[in-house]
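Read the structure below first, then the notes.
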Amino acid sequence: MRIFAVFLALFLTAYAFSEKERDTLLRVIQGLYQDRVYNIAAKKCEEYLEKASENDPYREKVIKVLFHSLYNAKDKKGFLAALNTVSGYKLSPDIAEEIFTLGMKLFDKEPAGQAEVVRFYIDYTDGYRKKQLYLLLAKLYTEAKLWDRILKLPDYKELNFYKVIALYKMGRYDDLINFTEEMAKFLPEDKDNVMYYRGLAFFKKGDIKKAVSIIESVTFKTPEMVKFLSDYYIKEKNYLKAERYLRILSLENGYKDYAYYYLGVIYDLDKKYKKASQYYKKASQFKTKYGQLARKRLLQLKEAGVIEGEKFYSVRIILYSDKTRAENLIRKKSLTDCFVKKYKKYYAVYCGMFKNRADAQKERKLLKKKGFKDAVIDTIIR
């Protein structure tokens with residue numbers, strides 16, 4: 001017993017420090033911080049905290065300097081390590097909030113880092129504030145795709161929809177279906193989205209009709225839900241229902257190209273080519289996959305002679321017997337809005353494509369000023 005007591009005394013002496021040593025280390029920390037030598041200041045703070053007792057009167061001040069040093073040094077790895085170090089300390093709410101504020105700034109636009117900061121700070125809050133922080137934590141975990149951590153969050157209604165997303169992203173479709181059996185555990189405003197993911201879970205399991213039935217029952221459908229149903233009815237060749245959903249989707253930004261293209265396809269299949277071309281033309285205005293498909297199909301319909309080409313006005317500036325010379329002129333003069341098109345037995349350089357003649361007249365005047373005195377306006381069918 002006596003040997004153990006001596007050993008304990010030696011152990012404590014090795015890690016404790018005298019008042020003089022403490023004061024010296026405090027002055028060093030203060031000096032380093034004031035001189036903006038933040039990395040070394042942080043190391044000295046860590047050294048101090050290793051030796052300081054729980055009741056040390058300067059411990060919180062050193063903790064404050066530690067986190068400010070790490071923040072100023074932009075030492076993100078060190079900041080997270082320090083959070084782990086002080087997580088077991090009984091800090092004052094003010095110090096905890098100050099660390100939280102610094103951490104959220106340091107990890108701006110880094111959801112995984114911010115999540116660690118929030119997780120640290122939650123223990124220093126209660127009531128409404130704590131619930132809001134858990135909600136923020138769920139959002140950050142979602143952004144960082146830390147799905148397993150979302151499932152470990154408390155059983156709050158406000159968080160349960162995030163758990164549904166996590167189960168879906170993790171491929172745990174059976175668990176998702178079981179979790180969404182009772183709608184009472186979700187907020188009223190989340191229920192439509194919960195039903196959507198429930199439907200998707202059945203879809204992933206191969207029960208397509210069940211999935212469609214669930215998503216059809218949603219009162220206020222999001223564009224993604226409408227697109228899902230459109231896809232399904234197009235594949236099932238139920239064009240009447242598909243058209244209904246596509247018309248709804250054509251009102252939504254970000255989905256117009258898809259909706260216009262498939263509305264065109266439906267009329268195309270019914271051999272109503274004029275109506276189909278109207279939707280293809282709308283889709284063709286978008287620089288997307290569906291816009292490209294629409295442009296390709298329009299060209300095919302025109303070549304097949306089932307629809308008339310549109311009439312445009314363009315300015316013909318010169319004729320060549322050789323196509324290469326015409327293309328070289330465009331490159332040499334940087335005529336970015338010009339193109340080469342066959343004209344009788346020659347190759348013509350045309351500039352601009354205009355729906356009305358007045359705009360073509362303006363273009364002709366500009367081109368004449370550039371030296372193309374023989375510029376004339378032609379009509380082009382495309």
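The hydrophobic cluster analysis finds Leu251 isolated: no Ile, Leu, Val, Met, Phe, Trp or Tyr side chain comes under 4.5 Å of it, directly or through other members.
A salt bridge does not link Asp257 to Lys289: none of the charged nitrogens lies less than 4.0 Å from a carboxylate oxygen. Between Glu116 and Arg149 a salt bridge is recorded (basic side-chain N to carboxylate O distance below 4.0 Å). Ion pairing between Lys43 and Glu46 fails under the 4.0 Å rule for side-chain N and carboxylate O. A salt bridge is absent between Lys235 and Asp231: the closest approach of a Lys/Arg side-chain nitrogen to an acidic carboxylate oxygen does not fall below 4.0 angstrom. Electrostatic pairing of Asp207 and Lys210 does not count as a salt bridge here, judged by no charged N lying under 4.0 Å from a carboxylate O.
Classification of the Phe186-Phe179 ring pair by plane angle, with boundaries at 30° and 60°, yields perpendicular. Below 30°, between 30° and 60°, or above 60°: for Tyr350 and Phe339 the angle between ring planes is below 30°, a parallel geometry. Using the six-membered ring where Trp is involved, Phe120 and Tyr124 have ring planes that are tilted, between 30° and 60° apart. Note: Phe228 and Phe203 have perpendicular aromatic rings, judged against thresholds of 30 and 60 degrees for the angle between ring planes.
Pairing each heavy atom of Ser53 with each of Arg59, the nearest pair is O-CD, 3.7 Å. Across Ala276 and Gly264, no two heavy atoms sit closer than the pair CB-O, 3.3 Å.
Tyr48 and Asp56 form a side-chain donor-acceptor contact under 3.5 Å, judged by distance and modelled atom types alone. At a cut-off of 3.5 Å, with distance as the only test, a side-chain donor of Asn72 or Tyr33 sits close to an acceptor on the other residue. Side-chain contact, Asn328 with Arg325: no donor N or O sits under 3.5 Å from an acceptor N or O.
Results of the side-chain hydrogen bond (donor to acceptor under 3.5 Å, both in side chains) test with Gln300 over Arg297, Lys302, Lys296 single out Arg297 as the only residue that passes.
Proximity of Ser230 to Tyr262: side-chain heavy atoms (C-beta onward) are nowhere separated by under 4.5 Å. Using a 4.5 Å cut-off on side-chain heavy atoms (C-beta onward), Tyr260 and Gln285 make no contact. Leu151 places a side-chain heavy atom less than 4.5 Å from the side chain of Met170. By the 4.5 Å heavy-atom criterion applied to side chains, Met104 and Val118 are counted as neighbours. Residues Lys274 and Tyr267 have side chains not in contact (no heavy-atom distance under 4.5 Å, counting atoms from C-beta outward). Taking 4.5 Å as the limit, every side-chain heavy atom of Tyr233 sits out of range of all side-chain heavy atoms of Leu246. Looking only at side-chain heavy atoms (C-beta outward), Ile165 and Tyr168 stay at 4.5 Å or farther from each other.
Using a distance-only test at 3.5 Å, with no hydrogens or angles considered, a donor-acceptor pair links the side chain of Glu60 to the main chain of Ser92. The backbone N or O of Thr324 sits less than 3.5 Å from a side-chain atom of Asp322, completing a donor-acceptor pair. A donor-acceptor pair under 3.5 Å links the side-chain atoms of Arg364 to the main chain of Ala375, judged by distance alone. A side-chain donor-acceptor contact under 3.5 Å links Lys163 to the backbone of Leu153. At distances below 3.5 Å, at least one donor-acceptor pair connects side-chain atoms of Arg198 with backbone N or O atoms of Ile177. Side-chain atoms of Asp190 never come within 3.5 Å of backbone atoms of Phe161 as a donor-acceptor pair (strictly under, hydrogens ignored).
Not counting sequence neighbours, the partners of Lys362 by the side chain to side chain contact (heavy atoms under 4.5 Å, CB included) test are Asp359.
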query = Are Phe354 and Tyr313 close enough, and set up right, to give a ring pair (Phe, Tyr, Trp, His ring centres under 6.0 Å), and what steps lead you there?
reply = CA-CA 5 Å; Phe354 305 98; Tyr313 296 97; 8.8 Å; no
